[in-house]
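Everything on this sheet refers to the single structure shown next.
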Amino acid sequence: MQERYEPAAVERAAQAFWDQNRVFEAREDASEGNKFYCLSMFPYPSGRLHMGHVRNYTIGDVLTRFHKMQGKAVLQPMGWDAFGLPAENAAMKNGVPPAKWTRENIAYMKGQMKSLGLAFDWSREIATCDPSYYRWNQWMFLRMLEKGIAYRRTGVVNWDPVDQTVLANEQVIDGRGWRTGALIEKREIPMYYLAITKYAEELLADLDKLPEWPERVKTMQANWIGKSEGCEISFPYAPDTRALMGADGALKVFTTRADTLFGVTFMAIAAEHPIAVAAGAKNPALQAFIDECRRGSTMEADIATQEKKGMRTGLSVLHPFTGQSVEVWVANYVLMAYGEGAVMGVPGHDERDYEFALKNKLSIVQVVKSKTGAYENLDPPWRDAFSEYGLTMNSGEFDGLEYRAAVDAIARALEKKGLGRKRTQWRLRDWGISRQRYWGCPVPMIHCGKCGEVPVPDKDLPVVLPEGLVPDGSGNPLNKTPSFYECKCPKCGADARRETDTMDTFVDSSWYFLRFACPDADTMVDERANYWMPVDQYIGGIEHAILHLLYSRFWTKVMRDLGLVKNDEPFKNLLTQGMVLHDIYYREPAPGRRDFYNPADVEVLRDEKGQRTGAILLKDNQPVTWDGLGTMSKSKNNGVDPTDLIGTFGADTARMFMMFTAPPEQTLEWSEEGVQGSFRFIRRLWKAVYDQVNAPPPADSLTINEFDKRQLNAEQKALRRIAHHTLEKVTDDIGRRRSFNTAVAAVMELLNAVGKFDSKPLYGRVVAHEALEIAVMCLSPVIPHVTHELWHQLGHETALIHEQWWKPDPEALVQDHIEISVQVNGKMRARVGVPADATQEVAITAAKADANVQKFMEGKPVKKAIYVPGKLVNIVV
RNA sequence: GCCCCGGUGGCGGAACUGGUAGACGCAACGGACUUAAAAUCCGUCGGUCGCAAGGCCAUGCCGGUUCGAUUCCGGCCCGGGGCACCA
């Protein structure tokens with residue numbers, strides 16, 4: 001064995017062993033309930049791995065290796081979310097087809113992953129841009145079409161002017177494109193939708209079936225689905241409205257506050273509402289206002305802060321109970337896309353309506369009073385709307401009711417009149433999946449002049465995307481490729497045009513985890529999907545809390561309803577890993593200009609206590625400004641390249657640092673010193689094994705197998721106890737708590753104990769050997785390469801990854817003598833030694849005997865004495 | 001505005017079910033080795049009083065429950081994230 005730890009050679013050898021023996025190829029050979037499907041969110045092949053990827057995959061790898069050693073059948077696959085816009089942008093810049101760029105990136109990133117020693121089953125690799133994968137997107141789309149879940153509709157969409165495409169609501173953040181940050185415009189375009197709203201109720205209810213998901217992810221999904229229970233109420237047209245709309249009818253609204261129905265003093269409708277459109281056609285001033293509203297609403301970011309504006313339509317409707325006429329206003333704060341695109345204006349009890357009424361000098365009526373007496377009777381002018389629940393007043397026959405009772409009574413009465421009913425309203429909208437982009441999965445539809453929309457027959461799947469095209473920024477190149485879009489109508493045989501829109505890439509990622517179970521199946525999925533599903537552990541970024549995770553849940557449920565899979569939910573356990581942050585340093589050579597310096601080139605200055613006082617650039621010893629921590633990025637020049645890191649320290653050090661420095665869900669603060677520390681530890685471990693293996697043999701010639709635990713001295717028993725306790729803790733920390741940082745810390749403590757231990761005597765040597773074996777095994781999920789080598793050095797023929805994870809020896813954990821803490825009146829006063837099986841009396845007597853304890857008891861009578869077995873005694877005087 | 005998460009040494013963090021607050025690591029300081037530096041090894045390391053034994057204070061702030069609270073409850077302050085004219 002070499003004395004020096006040299007990561008490169010060790011890692012190459014371990015990786016070669018795993019490869020040659022196909023150690024991580026998953027097999028469906030475990031008994032029921034003894035499989036472990038571990039999945040990290042597959043990456044977009046952007047070119048190179050970043051540290052966020054490395055952290056993500058290392059977490060998954062630790063769990064995979066641990067569960068494999070528990071004797072489970074494990075599946076940890078990897079693939080590529082390979083369609084998407086960056087490939088098109090790169091194509092425009094370099095003139096390279098997206099397919100070529102993407103496949104080259106995949107090759108490079110796969111090499112990086114291999115150098116990290118990740119236990120992926122590469123025989124199941126998937127790239128979503130392969131026709132063998134996306135044909136099933138298309139096949140599934142056709143099934144959804146048959147079921148009425150997929151449909152085509154012209155609607156107002158979010159248009160990203162930079163990427164020249166439509167975005168789903170989920171992809172619009174603060175009125176800007178999630179990728180480009182460009183302000184989103186509204187456009188009317190025909191596109192395909194998936195009716196995720198049909199599953200809204202189940203998507204919400206089944207969050208309860210996911211106890212092992214982070215609470216905040218579930219809350220975010222619940223808010224996004226946005227269930228609201230209320231009433232739909234019809235306000236019949238007054239004669240003027242009837243005349244304009246050309247028929248009898250009613251203005252429908254949705255409200256959660258039917259109890260305030262008698263407080264209605266106006267109606268507010270969206271600019272796009274049919275009544276507004278009709279009224280605008282006859283009233284130029286109103287039309288101008290409507291146009292203004294629609295222009296304004298192109299920028300959703302401003303909507304929230306916009307001032308409440310409105311204009312009379314000059315029309316009115318009738319109150320469903322009083323029959324009184326109520327004016328209809330067009331208002332800029334009413335959204336066409338939610339509810340009925342119209343609201344009843346109750347300024348007394350809704351803040352927005354209040355603000356609107358004040359501005360437009362509309363009357364305010366109080367119809368709810370507080371149960372506690374406040375807001376008993378409010379005289380105008382009110383300072384505020386009273387929007388809490390209370391008791392109804394000024395509401396005719398419905399007076400004096402509490403919220404729920406009032407809503408029930410009013411809903412019943414409305415139903416009798418045929419003017420309303422209880423109803424649930426959802427915030428969730430259907431998922432628009434059409435994208436006017438080239439590098440995506442073609443939507444399998446054909447447009448025929450005679451037959452209209454015709455699905456591509458199953459036998460013609462896949463509709464293959466031509467791979468050689470290079471987008472030039474002027475829209476979708478498929479529109480300029482007759483060989484793609486020219487086709488015959490499958491129904492009538494006439495010349496027809498193929499749909500050139502492609503699918504949202506979130507479609508690709510909505511079911512890839514199912515395909516990993518059976519990547520070579522000649523159907524979309526086969527029985528193996530039911531074997532592996534659900535994913536036992538899913539790991540990825542919190543940024544997918546809504547989008548990807550909601551779509552995947554939806555898609556799984558649709559597949560279940562089509563009889564393709566059995567599970568209701570795809571991901572049993574979800575871990576959202578934190579971001580990787582690094583220091584940011586800059587200088588400002590000119591006002592407004594900042595030059596950023598890589599932290600590797602900067603030295604931090606500290607005072608005697610170790611507090612940072614400043615930083616200098618190593619190159620010129622001149623100060624640089626510290627700008628806090630931020631995610632690693634090119635623009636801030638604070639990135640660390642995984643390949644460079646592995647080259648310097650090895651993959652094990654990189655993995656160790658990430659697992660040890662912070663809990664997986666929290667942000668990780670990168671530090672060069674911390675990386676050094678991890679490297680130092682691995683070197684110490686290596687040295688400890690080296691010293692053990694190379695120590696001169698003891699005079700006595702017993703072998704390990706003959707060692708008799710009863711002959712150990714106190715020191716040896718103590719180390720044995722620490723070692724087995726460490727094994728117990730690490731097993732629990734990785735297996736149950738997913739607390740990798742404390743698992744690593746526990747092994748560090750063990751190694752510290754071995755360092756102080758006298759391993760010269762025979763039994764000392766035997767115990768130290770066992771302690772090192774435990775340390776090596778416990779760390780093997782985290783630093784698999786070096787432990788692979790050290791395991792052999794410790795005398796084992798079997799490769800460590802093929803070992804069964806050890807169980808702690810109960811005999812080693814037994815202590816005959818323990819130390820307990822003694823408190824007097826709840827304050828720590830002493831520690832005393834007692835036999836491990838001490839009774840309450842024995843422990844308390846021992847505690848009282850301590851000099852310091854006596855000092856604080858001062859001979860006062862003992863009121864009470866509490867004994868927590870094995871831990872402490874508290875004497876209350 | 002609503003919802004969620006968090007606040008512990010110079011720093012990252014530990015304390016899992018209410019039971020020794022600060023494990024482990026980083027930084028810093030002192031020492032050994034060395035011609036020297038690096039590496040390595042040993043020691044110190046929340047504040048404060050004390051020669052020491054030991055005491056007092058301390059987990060954002062205020063209060064409560066308890067023999068005992070970083071942990072549970074109520075109220076506040078601060079930081080981060082999500083949602084946001086959703087009727």
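Naming: A, B, ... by sequence-line order, numbering from 1 per chain.
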Report task. Output yes when at least one side-chain N/O atom of A:R352 is less than 4.0 Å from OP1 or OP2 of B:G1, else no. Result -> no

Report task. Round to the nearest Å and state the distance from A:K218 atom NZ to B:C5 atom P. Result -> 12 Å

Report task. Consider the side chain of A:Y338, meaning its heavy atoms from C-beta on, and name the nucleotide among B:A87, B:C83, B:G19 that approaches it most closely. Result -> B:A87

**Report entry** N/O (side chain, A:R427) to phosphate O (OP1/OP2, B:A84) under 4.0 Å
**Finding:** yes

Query raised in the report: Is there a donor N/O on one and an acceptor N/O on the other, under 3.5 Å, for the side chain of A:Q823 and the base of B:G19?
Result: yes

**Report entry** Length of the CE-P vector between A:M828 and B:C57, whole Å
**Finding:** 15 Å

Requested in this report: Scan A:V876 against the nucleic acid and name what it touches under 4.0 Å (heavy atoms): base, sugar-phosphate only, or nothing.
Outcome: sugar-phosphate

Requested in this report: Any chance you could measure A:N825, atom CG, to A:N874, atom CG, to the nearest 0.5 Å?
Outcome: 7.0 Å

**Report entry** Carboxylate-amine/guanidinium proximity below 4.0 Å for A:R216 and A:E665
**Finding:** no

Report task. Could you check whether the rings of A:Y389 and A:Y403 sit parallel, tilted or perpendicular, using 30° and 60° as the cut-offs? Result -> parallel

Query raised in the report: Roughly how far apart, to the nearest Å, are B:G43 and B:G54 at atom C1'?
Result: 23 Å

Query raised in the report: Going by distance alone, is a donor N or O of one side chain under 3.5 Å from an acceptor N or O of the other, for A:D430 and A:T197?
Result: yes

Query raised in the report: Does B:C86 have OP1 or OP2 sitting under 4.0 Å from an N or O in the side chain of A:N223?
Result: no

Query raised in the report: Which nucleotide in the set B:C83, B:A28, B:G12 lies at the smallest distance from any side-chain heavy atom of A:R606?
Result: B:A28

Report task. Respond yes when some side-chain nitrogen or oxygen of A:Q676 is under 4.0 Å from OP1 or OP2 of B:C26, and no when none is. Result -> no

Query raised in the report: For atom P, what is the distance between B:U40 and B:C77, given to the nearest Å?
Result: 49 Å

Report task. Counting heavy atoms from C-beta on, name the nucleotide in B:C3, B:C85, B:C67 closest to the side chain of A:T219. Result -> B:C3

Report task. Mark yes or no for whether A:R655, through its side chain, and A:P781, through its backbone, hold a donor-acceptor pair below 3.5 Å. Result -> yes

Query raised in the report: Paired with B:A21: which nucleotide, if any, by Watson-Crick or G-U wobble criteria at under 3.5 Å for both distances?
Result: none

Query raised in the report: Looking for any heavy atom pair under 4.0 Å, which part of the strands does A:V747 touch: base, sugar-phosphate only, or nothing?
Result: nothing

Report task. Check every strand shown and say whether A:K863 touches a base, only sugar-phosphate, or nothing at a heavy-atom separation below 4.0 Å. Result -> nothing

Report task. Could you measure between the two P atoms, the one in B:A27 and the one in B:G80, and give it in whole Å? Result -> 29 Å

Query - Distance in angstrom units between A:L549 CG and B:G82 P, rounded - result: 15 Å

Report task. Kindly say whether A:R4 contributes a backbone atom to a donor-acceptor pair with the side chain of A:Q2 at under 3.5 angstrom? Result -> yes

Report task. Provide the distance between the two C1' atoms, one in B:C24 and one in B:C62, to the nearest whole Å. Result -> 34 Å

Query raised in the report: Going by atom types only, do A:N360 and A:W329 share a side-chain donor-acceptor pair under 3.5 Å?
Result: no

Query raised in the report: Please give, in whole Å, the distance from B:C26 C1' to A:L668 CG?
Result: 13 Å

Report summary line: Picking from B:C67, B:A87, B:C83, the nucleotide nearest the side-chain atoms of A:N874 would be B:C67

Query raised in the report: Considering Watson-Crick and G-U wobble pairs with both distances under 3.5 Å, what does B:A28 pair with?
Result: B:U44

Report task. Give a yes/no answer on whether the side chain of A:S678 brings an N or O atom under 4.0 Å of OP1 or OP2 in B:G25. Result -> no

**Report entry** Selection from B:G19, B:U40, B:G25 that lies nearest to any side-chain heavy atom of A:M748
**Finding:** B:G25

Requested in this report: Using the P atom on both, measure B:C45 against B:G22 and round to a whole Å.
Outcome: 12 Å

Query raised in the report: Where does B:G47 land, syn or anti, once you apply the within-90°-of-0 test for syn?
Result: anti

Report summary line: Whole-Å distance, A:Q425 CD to B:C85 C1', equals 15 Å

Query raised in the report: Is the backbone of A:G578 close enough, under 3.5 Å, to the side chain of A:R55 for a donor and an acceptor to pair up by distance?
Result: yes

Query raised in the report: So what does A:P663 touch, heavy atoms closer than 4.0 Å: a base, only the sugar-phosphate, or nothing?
Result: sugar-phosphate

Query raised in the report: What distance, rounded to whole Å, do you find between the two C1' atoms, one in B:C3 and one in B:A15?
Result: 30 Å

Query raised in the report: B:C24, B:C86, B:G54: which one has an atom nearest the side-chain heavy atoms of A:F660?
Result: B:C24

Query raised in the report: Can you tell me how far C1' of B:G12 sits from CZ of A:R612, to the nearest Å?
Result: 13 Å

Query - Short side-chain N/O contact to B:C26 OP1/OP2 from A:R680, under 4.0 Å - result: yes

Query raised in the report: Does any nucleotide pair with B:C76 by Watson-Crick or G-U wobble geometry, both distances under 3.5 Å, and what is it?
Result: B:G60

Report task. Check whether any side-chain nitrogen or oxygen of A:N752 sits under 4.0 Å from OP1 or OP2 of B:G25, and answer yes or no. Result -> yes

**Report entry** Selected nucleotide, minimal atom distance to A:F856 side chain, candidates B:G25, B:C56, B:C86
**Finding:** B:C56

Requested in this report: Give a yes/no on whether any side-chain N or O of A:R829 is located under 4.0 angstrom from OP1 or OP2 of B:G54.
Outcome: no

Query - Distance below 4.0 Å between A:N741 side-chain N/O and B:G12 OP1 or OP2 - result: no

Report task. Round to the nearest Å and state the distance from A:M659 atom CE to B:C26 atom C1'. Result -> 18 Å

Query raised in the report: Mind checking who B:G1 pairs with, Watson-Crick or G-U wobble, both distances under 3.5 Å?
Result: B:C83

Requested in this report: Taking atom P in both B:C26 and B:G79, compute the distance separating them and give it to the nearest angstrom.
Outcome: 33 Å

Query raised in the report: With a distance cut-off below 6.0 Å to the six-membered ring centre and an angular limit of 45° from the axis, does A:K308 pair with A:Y333 as a cation-pi contact?
Result: yes

Requested in this report: Using only heavy-atom distances, determine whether the side chains of A:H725 and A:E749 contain a donor-acceptor pair under 3.5 Å.
Outcome: no

Query raised in the report: When the nearest nucleotide of RNA chain B is assigned to A:Q666 and to A:G341 on a heavy-atom basis, which residue is associated with the more 5' position?
Result: A:Q666

Query - Options B:U20, B:G54, B:C16, nucleotide nearest the side-chain atoms of A:L872 - result: B:U20

Query - Residue mapping more 5' on RNA chain B - nearest nucleotide basis, A:E669 or A:E819 - result: A:E669

Report summary line: Closest to the side chain of A:N332, out of B:C85, B:G82, B:A87, is B:C85

Query raised in the report: How far, in whole Å, is B:C5 from B:C11 if one measures between their P atoms?
Result: 26 Å

Report task. Kindly say if A:K827 contacts the phosphate of B:C57, meaning a side-chain N or O under 4.0 Å from OP1 or OP2. Result -> yes

**Report entry** Watson-Crick or G-U wobble partner of B:G50, both distances under 3.5 Å
**Finding:** none

Report summary line: Of the candidates B:C85, B:G54, B:U40, the side chain of A:K308 sits closest to B:C85

Query raised in the report: Does any nucleotide pair with B:A37 by Watson-Crick or G-U wobble geometry, both distances under 3.5 Å, and what is it?
Result: none

Requested in this report: Identify whether any heavy atom of A:N852 sits under 4.0 Å from a base atom; if not, whether one sits that close to sugar-phosphate; answer base, sugar-phosphate or nothing.
Outcome: sugar-phosphate

Query raised in the report: What is the distance from CD of A:E672 to P of B:C11, rounded to the nearest Å?
Result: 19 Å

Requested in this report: Determine: side-chain N/O of A:R737 to OP1/OP2 of B:U17, distance under 4.0 Å, yes or no.
Outcome: no

